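In what follows, a structure is listed as C-alpha cells, so that the remarks can point back to it.
Atoms within each ligand, like the ligands themselves, are counted from 1 in listed order. All values reported here derive from a predicted model rather than from experimental measurement.
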Amino acid sequence: MSMPSAPYVPALDSIDPALDLLDEIQRLRKARNAVILAHFYQDPEIQDLADFVGDSLQLSQQAAKTSAAVIVFCGVHFMAETAKILSPAKTVVIPDMDAGCSLADRCPGEQFGAWLKQYPDHEVVSYINCSAAVKALSTIICTSSNAVRVVESIPKDRAIVFAPDRHLGKWVMKQTGRDMVLWPGFCIVHEQFTAKRVATLKAQHPTAKLIVHPECDASVSQLADFVGSTAALLNYVAKDPAKAFIVGTEVGILHQMKKLRPDAELIPVPADSGCNCALCPYMKLNTLEKLYLTLRDLKPEITLDEATRIKALAPVQRMLALG
Ligand code: 13P
Ligand code: SF4
C-alpha cells in the first residue's frame, strides 16, 4: 500500500536572502518554458510580472491555448485545476496549494452529488468557482462574465440547477427571467458588503458610479449602476466618463483600475467586519517568495484523477465553445 505523500509546504527559509527574486523569477520562467497567469485579485507585484492578467474566463482561455510547458497559476485552486482539466499534459503549479475559495470549499463533490439526486431532470449549470468533482457532475460551466449567456443557451423548457453561488444565481435569474434551483453557497469577501454601507458611500459621493461584482447580495447589486465580472468592471471604468467609482469587489482589482483611469477617484467598498478591507484571504496567500519557489521546484503541482478530469472537461469545453 502506498503511503499518502506529505503536503507541500513552501520552504521559505531555503531562499537565499541575497537573491534578487525578480531577476531569479525572470531567469526561471525562461528556463522552465513557463507562462505566468494571474488573476486581478493578486498582489500588484505579481500582476505586474505575469504574462497575462485576467478574469476567470480569460485565464481559462489562456490556459487552453498556451504553448508553454508549465503553467504557473497565480490565482486560487479551482482556477489552476481548470487549467489542468484543459491542459493535462502540462505541468500546472500554484504558489500556495491552500489558496482555496469559500464557494468551492463549501460545495464538496460528494455532498453536491447527493443533493442533485433531488433534481434528476435538471440541467446543472456550475460556476467555475467549484472543484473538478462538481464540474464533473455539471452540464455546463459558467463564469461571472458569461453566466447569463450560458443560462440562455439552455432550452427554455429545461429546468436548471445553479451552483455554488446563490448570489450570482439570483442575479442571473433576474437578468434571464429563468427560475433556477440554487445551491446555497456564497463568497466570504462579497458577502460582507452591505446595502447600508453602500448607501452611505453613495450619499457621500453623489456623482460616483457604483459598480459591483455579481457575487454581492441582491440588496447591494440592486443599488449598482453596473454589475459585472472583474474584467467587465475594468472595461466599464475604462469607458465611462464618470470621475469617481465606488467599487464593490476585492481590492486587488484597484491596481489595474488605477492604470486605466489615473484621473478617476476609486472608492473601495469596505467590508462590514474584521479589518474592513475587502481582501480575499485565499488569493493573498500567493506571494513573490512562493512564486519563486514554485518556479524553482515546480511544486506544488495540481494533479487530477483522469476519470474525473475527462468528466469535468466536457462542461468546461461547452462553455468555451460559446465564445
Ligand atoms: P471573475 O471571474 O469576475 O474574475 O471572478 C472570480 C472571483 O473569484 C470573484 O470573486
Ligand atoms: Fe472565492 Fe470570493 Fe476569493 Fe473569489 S473572492 S476566490 S469567490 S473567496
Side-chain angles (χ1 to χ4, degrees), residues 37-43 46-47 50 52-63 73-83 94-107 125-131 134-135 141-150 162-169 171-172 183-193 211-217 220-221 224 226-237 247-257 268-271 273-274 277-286 316 319-320 322:
L37 305 181
H39 188 263
F40 292 126
Y41 295 164
Q42 291 292 281
D43 281 340
I46 293 183
Q47 293 191 38
F52 186 85
V53 189
D55 72 357
S56 306
L57 178 63
Q58 294 166 333
L59 292 171
S60 61
Q61 288 164 336
Q62 289 295 320
F73 216 113
C74 296
V76 289
H77 187 270
F78 75 81
M79 297 178 176
E81 197 176 56
T82 306
I94 181 166
D96 194 314
M97 199 55 125
D98 290 334
C101 167
S102 60
L103 283 163
D105 296 353
R106 292 178 193 183
C107 185
V125 179
S126 293
Y127 188 28
I128 196 164
N129 297 37
C130 66
S131 64
V134 168
K135 289 185 176 76
I141 303 305
C142 72
T143 75
S144 52
S145 61
N146 62 17
V148 168
R149 199 147 38 98
V150 166
F162 187 93
D165 187 0
R166 64 173 183 223
H167 298 307
L168 176 64
W171 182 72
V172 172
W183 174 271
F186 59 89
C187 158
I188 53 165
V189 179
H190 293 86
E191 179 88 355
Q192 293 188 54
F193 301 147
I211 58 170
V212 308
H213 196 277
E215 287 175 11
C216 293
D217 186 87
V220 170
S221 307
F226 181 71
V227 180
S229 70
T230 50
L233 296 178
L234 284 164
N235 193 33
Y236 184 88
V237 167
V247 184
T249 193
E250 213 269 2
V251 292
I253 201 169
L254 296 180
H255 183 55
Q256 300 297 333
M257 255 177 209
V269 179
S273 62
C277 346
L279 287 174
C280 173
Y282 306 103
M283 287 276 182
K284 272 24 185 194
L285 284 176
N286 296 327
V316 175
M319 170 188 80
L320 292 178
L322 286 182

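- Of the listed options Cys187, Ser144, Gly252, Cys187 places a heavy atom closest to atom 5 (S) of ligand 2.
- Shown here for Leu233 and Gly228, the closest heavy-atom pair between the two residues is CG-O, 3.4 Å.
- Shortest non-hydrogen contact noted between Cys130 and Phe78 is O-CB, 3.4 Å.
- Near Glu215, with a cut-off below 4.0 Å to any heavy atom, the atoms of ligand 2 are 2 (Fe), 7 (S).
- Pro95 has its side chain within reach of Cys74: a pair of non-hydrogen atoms, C-beta onward, lies under 4.5 Å apart.
- Given atom 10 (O) of ligand 1, the protein heavy atom at minimum distance is Glu215 OE1, 2.9 Å.
- Aromatic ring pairs are classed by plane angle as parallel below 30°, tilted from 30° to 60° and perpendicular above 60°; the pair His190 and Tyr41 is tilted.
- Side-chain contact between Asn286 and Met283 is absent, with no heavy-atom pair separated by less than 4.5 Å.
- A pairwise comparison of heavy atoms in Leu285 and Asp98 identifies CD1-O, 3.4 Å as the closest pair.
- Of the possible polar contacts, none joining the Ser56 side chain to the Met79 backbone as a donor-acceptor pair under 3.5 Å is found.
- The protein heavy-atom contact nearest to atom 1 (Fe) of ligand 2 is Cys101 SG, 2.4 Å.
- Atom 4 (Fe) of ligand 2 has as its closest protein heavy atom Tyr41 CE1, 4.0 Å.
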| message | side-chain hydrogen bond (donor to acceptor under 3.5 Å, both in side chains) for Glu191 and His167? Distances and angles first, verdict last. | response | CA-CA 9 Å; Glu191 179 88 355; His167 298 307; 2.7 Å; yes
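- The part of Asn129 lying near ligand 1 is the side chain, judged by heavy-atom distances below 4.0 Å.
- Atoms of ligand 2 lying under 4.0 Å from any heavy atom of Leu103, numbered from 1 in the order shown and given with element: 7 (S).
- Within the structure, ligand 1 lacks Ser145 among the residues with a heavy atom less than 4.0 angstrom away.
- Counting heavy atoms closer than 4.0 Å to ligand 1, residue Tyr41 contributes side-chain atoms (C-beta onward) but none from N, CA, C or O.
- Distance from atom 5 (O) of ligand 1 to its nearest protein heavy atom, with residue and atom name: His213 NE2, 3.3 Å.
- Residue contacts with ligand 1 include His39, since one or more of its heavy atoms lies under 4.0 Å from the ligand.
- For the pair Cys216 and Trp171, the minimum side-chain heavy-atom distance is 4.5 Å or more.
- Annotation for Gly100 and Asp105: closest pair CA-OD2, 4.1 Å, computed over non-hydrogen atoms.
- The Thr230 neighbourhood of ligand 1 comprises atoms 1 (P), 3 (O), 4 (O), with distances under 4.0 Å to a heavy atom of that residue.
- Contact atoms of ligand 1 toward Ser144: 1 (P), 2 (O), 3 (O), 5 (O) (distance under 4.0 Å to a heavy atom of the residue).
- Using a 4.0 Å cut-off between heavy atoms, Glu250 makes no contact with ligand 1 at all.
- Protein heavy atom at the shortest distance from atom 6 (C) of ligand 1 is Ser56 OG, 3.3 Å.
- The shortest non-hydrogen separation linking Leu279 to Val189 is O-CG2, 3.7 Å.
- With 2.8 Å as the limit, Cys280 does not count as an N, O or S neighbour of atom 1 (Fe) of ligand 2.
- Interface atoms of ligand 1 facing His190, defined by a heavy-atom separation under 4.0 Å, are 10 (O).
- Using a 4.0 Å cutoff on heavy atoms, Glu250 does not count as a contact of ligand 2.
- Set against the non-hydrogen atoms of Asn129, the atoms of ligand 2 under 4.0 Å away are 7 (S).
- Near Ser229, the atoms of ligand 1 lying under 4.0 angstrom from a non-hydrogen atom of the residue are 3 (O).
- Just one of His255, Gln256, His39 meets the side-chain hydrogen bond (donor to acceptor under 3.5 Å, both in side chains) condition when paired with Gln47; it is Gln256.
- Summarising the geometry of Phe40 relative to Asp55, their closest heavy-atom pair is CE1-N, 3.3 Å, with the distance given to 0.1 Å.
- For ligand 2, the atoms sitting less than 4.0 Å from at least one non-hydrogen atom of Tyr282 are 8 (S), numbered in the order shown with element in parentheses.
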